[in-house]
Chemist: 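Dumping the structure here so I can ask a few things about it.
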Amino acid sequence: AMAAVDSALEDYNGYVREAFEERYNIPGDITVDRVYDPDTMDLSLISVPSYVHDLLDSIQGKVYIYTNSTEKYANAIMDFLGLTDHVDGTFGTDSLDHTRKPAKRSFDLFTQKTDLDPAKTWFFEDSLENLSMARSFGWHTVLTTEFLSGNLHEKERQELSVHVDRIIESLDELLPSIGP
């Protein structure tokens with residue numbers, strides 16, 4: 001099963017549910033529930049740098065997790081990492097009619113459920129598709145390149161300015177600009 005998941009991740013650019021729908025005719029919601037089942041995962045393999053707690057503590061406003069996995073999965077990770085108290089809500093595909101970023105409907109549902117003010121919304125992401133859609137909603141967008149393969153060259157960074165307000169390598173770059 002894990003070989004099939006790994007193959008789908010590689011062949012479908014990380015979109016397991018589309019791969020399983022096409023390859024095995026398995027509905028997307030069933031795939032997502034099974035692949036992102038925290039009860040079957042070894043969460044001890046994940047960690048978060050200590051500065052993330054400081055960064056989240058410094059935010060004045062609401063913090064939401066908006067993920068293409070499930071709420072159960074995201075909440076299990078947040079609990080394991082000790083970040084639950086820093087988050088005001090979690091929204092996964094299961095709470096957004098099984099739609100996922102970058103679908104406009106997913107963003108519409110997320111916005112309705114959170115009642116966000118676009119002018120005050122900052123969206124951190126490593127996917128240009130998702131950033132582009134967020135920007136179309138009037139959100140401020142930040143590309144985090146820490147998990148992208150390869151380095152962005154200056155020409156690429158200039159082209160990205162259409163989709164993003166800011167590019168950072170890692171979230172710790174935000175700490176000096178936030179202050180005490």
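Throughout, residue positions are numbered sequentially from 1 according to the sequence presented.
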Chemist: Would you find a donor on one side and an acceptor on the other, under 3.5 Å apart, between the side chain of E22 and the backbone of A19?
Modeler: no
Chemist: Using side-chain heavy atoms (C-beta onward) and a distance below 4.5 Å, is V164 in contact with R135?
Modeler: no
Chemist: For residues L81 and I46, determine if any side-chain heavy atom of one lies less than 4.5 Å from a side-chain heavy atom of the other.
Modeler: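 Yes, at least one pair of side-chain atoms sits under 4.5 Å.
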Chemist: Out of I168, D126, I167, which residue meets the side-chain contact (heavy atoms from CB on, under 4.5 Å) rule with T145?
Modeler: I167
Chemist: By salt bridge (Lys or Arg N to Asp or Glu O under 4.0 Å), which residues pair with D117, not counting sequence neighbours?
Modeler: none
Chemist: Would you say the side chain of D97 lies within less than 4.5 Å of the side chain of R105, judging by non-hydrogen atoms?
Modeler: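 The answer is yes, as the side chains (C-beta and beyond) meet within the 4.5 Å cut-off.
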Chemist: Can you find a side-chain donor-acceptor pair between D42 and S44 that sits under 3.5 Å?
Modeler: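 The answer is yes; a qualifying pair exists.
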Chemist: I would like to know whether H53 and V48 meet side chain to side chain contact (heavy atoms under 4.5 Å, CB included); could you show each step before the answer?
Modeler: CA-CA 9 Å; H53 292 271; V48 64; 4.1 Å; yes
Chemist: Give a yes or no on whether the backbone of E129 and the side-chain of S132 come within a donor-acceptor separation of less than 3.5 Å.
Modeler: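 Checking the backbone N and O of E129 against the side chain of S132, no donor-acceptor pair under 3.5 Å is found.
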Chemist: I need the D85 CG to L56 CG distance, nearest 0.5 Å.
Modeler: 11.0 Å
Chemist: Which distance, rounded to the nearest 0.5 Å, do you find between the NZ of K101 and the CG of L96?
Modeler: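 Reported value, rounded in 0.5 Å steps: 10.0 Å.
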Chemist: Could you list the residues that satisfy side-chain hydrogen bond (donor to acceptor under 3.5 Å, both in side chains) with D94, not counting sequence neighbours?
Modeler: none
Chemist: Do L143 and R166 make a side-chain contact, defined as non-hydrogen atoms from C-beta onward lying under 4.5 Å apart?
Modeler: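 They are not in contact (no side-chain heavy atoms under 4.5 Å apart), so the answer is no.
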Chemist: Can you measure from CD1 (I77) to OG (S69) and round to the nearest 0.5 angstrom?
Modeler: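 Taking CD1 in I77 and OG in S69, the distance rounds to 6.5 Å.
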Chemist: Hey, what's the ring geometry for F124 with W122, parallel, tilted or perpendicular (30° and 60° as the breaks)?
Modeler: tilted
Chemist: When you measure from the side chain of T93 to the backbone of T99, do you find a donor-acceptor pair of N or O atoms at a distance under 3.5 Å?
Modeler: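 Side chain of T93 to backbone of T99, a donor-acceptor pair under 3.5 Å: no, none is there.
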Chemist: With sequence neighbours left out, what residues match E18 under side-chain hydrogen bond (donor to acceptor under 3.5 Å, both in side chains)?
Modeler: R100
Chemist: When you measure from the side chain of T84 to the backbone N and O of D79, does any donor-acceptor pair fall under 3.5 Å?
Modeler: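 Such a contact is found between T84 side chain and D79 backbone.
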Chemist: Could you pull out all residues at least two apart from T121 that satisfy side chain to side chain contact (heavy atoms under 4.5 Å, CB included)?
Modeler: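 Only L116, W139 meet the side chain to side chain contact (heavy atoms under 4.5 Å, CB included) criterion with T121.
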Chemist: Could you walk me through whether T114 and K62 pass side chain to side chain contact (heavy atoms under 4.5 Å, CB included), step by step?
Modeler: CA-CA 9 Å; T114 57; K62 301 232 181 233; over 6 Å; no
Chemist: Can you confirm whether D57 is buried at CG, in the sense that more than 12 heavy atoms of other residues, nucleotides or ligands lie under 6.0 Å from that atom?
Modeler: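 Atom CG in D57 is packed in, count exceeds 12.
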Chemist: If you measure from OG1 on T70 to NE2 on H98, what distance do you get to the nearest 0.5 Å?
Modeler: 9.5 Å
Chemist: To the nearest 0.5 Å, what is the distance between NZ on K113 and CZ on F91?
Modeler: 7.0 Å
Chemist: Side-chain contact test, heavy atoms from C-beta onward, threshold under 4.5 Å: evaluate it for T31 versus Y24 and give yes or no.
Modeler: no
Chemist: Do Y51 and L171 make a side-chain contact, defined as non-hydrogen atoms from C-beta onward lying under 4.5 Å apart?
Modeler: yes
Chemist: Do Y66 and T90 meet the criterion of a side-chain donor-acceptor pair at a distance under 3.5 Å?
Modeler: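 Result is no, nothing qualifies.
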Chemist: Set out, in order, the CA-CA distance, both residues' side-chain angles and the distance that settles side chain to side chain contact (heavy atoms under 4.5 Å, CB included) for F123 and L131, then state yes or no.
Modeler: CA-CA 7 Å; F123 184 66; L131 288 162; 3.9 Å; yes
Chemist: Just so I know, are the side chains of Q112 and L109 near enough to count as touching, which here means a heavy-atom distance under 4.5 Å?
Modeler: yes
Chemist: Within the distance-only criterion (no hydrogens, no angle test), does the side chain of D88 pair as donor or acceptor with the backbone N or O of V63 below 3.5 angstrom?
Modeler: yes
Chemist: What is the minimum heavy-atom distance between A74 and T67, and which atoms define it?
Modeler: CB-CG2, 3.9 Å
Chemist: Would you find a donor on one side and an acceptor on the other, under 3.5 Å apart, between the side chain of H140 and the backbone of A119?
Modeler: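 Pair found, side chain donor or acceptor close to backbone of A119.
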Chemist: For D39, give me all partners under side-chain hydrogen bond (donor to acceptor under 3.5 Å, both in side chains), at least two apart in sequence or on another chain.
Modeler: K72
Chemist: Should S136 and F107 count as side-chain neighbours, where that means a heavy-atom distance under 4.5 Å?
Modeler: no
Chemist: List for me each residue that meets side chain to side chain contact (heavy atoms under 4.5 Å, CB included) alongside R23, sequence neighbours excluded, and say none if there are none.
Modeler: S7, A8, D11, Y12
Chemist: Are E125 and T141 close enough, and set up right, to give a side chain to side chain contact (heavy atoms under 4.5 Å, CB included), and what steps lead you there?
Modeler: CA-CA 8 Å; E125 178 67 65; T141 54; over 6 Å; no
Chemist: CG/D108 to CE/M133 distance, rounded to the nearest 0.5 angstrom?
Modeler: 8.5 Å
